[in-house]
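We're numbering straight along the sequence, starting at 1.
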Amino acid sequence: MLMTLNINGKTVMRDAEARTTLADFLRDVCDLTATHLGCEQGACGACTVVVDGLAVRSCLLFAAMCEGRTIVTLEGLNDDPKIEVLRRHFHESHGLQCGFCTPGMILAAHALLARNVDPSRDDIVEAISGNICRCTGHGQIVEAIELAAERLRQANAPQGAAK
């Protein structure tokens, strides 16, 4: 079946079976390999992408269900200044080791920061609660997102405002 999806700001028309998951469509058909596959049951969060502004598990959606929706993968955010801040703080806070969960964690964090510029620690924990990290645990990742949120708030503060 021919599918037309909006992926990373571009219209993508490709053939795929109706039962193709969004994760498989992104990886195998579109060659967007930052979307990782872990459990393929929606439990680990490695396949997290953003659909219409919300972080979702792409292994639980069929690609055909996403026609007319806006899909963003990590590759689609390469020029986004928030991503660079998140990457830097993940690195500085030691919020990554093997890197397998990192794309999903960063996309979940990005989706959170897009809708909440001043998230509480509880907001951050909830936003990444569906993403599993077996290397560092969530402590350093939460710290990285807190620091990134603070840095982004400072960058967007009016000139002369208290920091």
Colleague: Is there a side-chain contact between Val85 and Leu147, using heavy atoms and a 4.5 Å cut-off?
Modeller: no

Colleague: For a side-chain contact (heavy atoms from CB on, under 4.5 Å) check, start with the C-alpha distance between Asp24 and Leu37, then their side-chain angles and the critical distance, and finish with the verdict.
Modeller: CA-CA 8 Å; Asp24 287 335; Leu37 286 171; 3.3 Å; yes

Colleague: Would the number of heavy atoms belonging to other residues, nucleotides or ligands and lying under 6.0 Å from CZ of Arg134 be above 12?
Modeller: no

Colleague: Measure the shortest side-chain to side-chain distance between Val125 and His138 over non-hydrogen atoms and say whether it is less than 4.5 angstrom.
Modeller: no

Colleague: Report yes if the side chains of Ile141 and Ile128 come closer than 4.5 Å at any heavy-atom pair, otherwise no.
Modeller: yes

Colleague: To the closest 0.5 Å, what do you measure between OG1 (Thr48) and CE (Met105)?
Modeller: 8.5 Å

Colleague: Could you tell me which non-hydrogen atom of Arg121 sits nearest to which non-hydrogen atom of Gly139, and how far apart they are?
Modeller: NH2-O, 4.5 Å

Colleague: State plainly whether one hydrophobic cluster holds both Val50 and Leu5, where clusters connect Ile, Leu, Val, Met, Phe, Trp and Tyr through side-chain heavy atoms under 4.5 angstrom apart.
Modeller: no

Colleague: Determine the minimum heavy-atom distance between Ala127 and Ala108, stating which atoms define it.
Modeller: O-CB, 3.8 Å

Colleague: Answer with yes or no whether the hydrophobic clustering places Ile83 together with Leu26; edges join I, L, V, M, F, W, Y residues whose side-chain heavy atoms lie under 4.5 Å apart.
Modeller: no

Colleague: Do Met13 and Leu2 have side-chain heavy atoms sitting under 4.5 Å apart?
Modeller: yes

Colleague: Does atom CG (Asp79) have a neighbourhood of more than 12 heavy atoms from anything else shown, all under 6.0 Å?
Modeller: no

Colleague: How far does CD of Gln97 sit from SG of Cys133, to the nearest 0.5 angstrom?
Modeller: 7.0 Å

Colleague: Do Met65 and Phe62 have side-chain heavy atoms sitting under 4.5 Å apart?
Modeller: yes

Colleague: Kindly give the heavy-atom pair with the smallest separation between Met3 and Glu17, and that separation in Å.
Modeller: CE-O, 3.3 Å

Colleague: Within this structure, what is the CG-OG distance for the pair Leu86 and Ser93, rounded to the nearest 0.5 Å?
Modeller: 10.5 Å

Colleague: To the nearest 0.5 Å, what is the distance between OG on Ser58 and CZ on Phe25?
Modeller: 12.0 Å

Colleague: Verify side-chain contact (heavy atoms from CB on, under 4.5 Å) between Arg57 and Asn131, making sure each step is shown before the conclusion.
Modeller: CA-CA 10 Å; Arg57 308 301 180 275; Asn131 297 62; 3.9 Å; yes

Colleague: Determine whether a donor-acceptor pair (N or O, by modelled atom type, separation under 3.5 Å) exists between the side chain of Asn156 and the backbone of Leu152.
Modeller: yes

Colleague: Quick one, Ile7 and Cys30 - any side-chain contact, counting heavy atoms below 4.5 Å?
Modeller: yes

Colleague: When rounded to the nearest 0.5 angstrom, what distance separates OG1 in Thr70 from CG in Leu54?
Modeller: 11.5 Å

Colleague: Going through the distances and angles, do Val12 and Asn6 end up as a side-chain contact (heavy atoms from CB on, under 4.5 Å)?
Modeller: CA-CA 6 Å; Val12 175; Asn6 180 335; over 6 Å; no

Colleague: Between His36 and Ala46 (side chain of the first, backbone of the second, donor and acceptor by atom type, cut-off under 3.5 Å), is there such a pair?
Modeller: no

Colleague: Going by the side chain to side chain contact (heavy atoms under 4.5 Å, CB included) test, name the single residue among Thr73, Leu77, Leu74 that passes it with Pro103.
Modeller: Leu74

Colleague: Hey, are the side chains of Ile71 and Asn8 touching, using non-hydrogen atoms and a 4.5 Å cut-off?
Modeller: no

Colleague: Are Ile145 and Leu96 grouped together when hydrophobic residues (ILVMFWY) are joined by side-chain heavy atoms under 4.5 angstrom apart?
Modeller: yes

Colleague: Look at the side chain of Arg27 and the backbone N and O of Thr33, then say whether any donor-acceptor pair between them is shorter than 3.5 Å.
Modeller: yes

Colleague: Does atom CD of Glu92 have more than 12 heavy-atom neighbours from other groups under 6.0 Å away?
Modeller: yes

Colleague: Is there a side-chain contact (heavy atoms from CB on, under 4.5 Å) between Leu61 and Thr21 once you walk through the steps?
Modeller: CA-CA 6 Å; Leu61 292 173; Thr21 66; over 6 Å; no

Colleague: Going from CD on Glu146 to NE2 on His89, what distance comes out if it is rounded to the nearest 0.5 angstrom?
Modeller: 11.5 Å

Colleague: For residues Glu75 and Leu32, report the shortest heavy-atom separation together with the two atoms involved.
Modeller: OE2-C, 3.1 Å

Colleague: State, to 0.1 Å, how close Ala64 and Ala18 come at their nearest heavy-atom pair, and which atoms those are.
Modeller: CB-O, 4.4 Å

Colleague: For residues Ile106 and Arg87, report the shortest heavy-atom separation together with the two atoms involved.
Modeller: CD1-CG, 4.1 Å

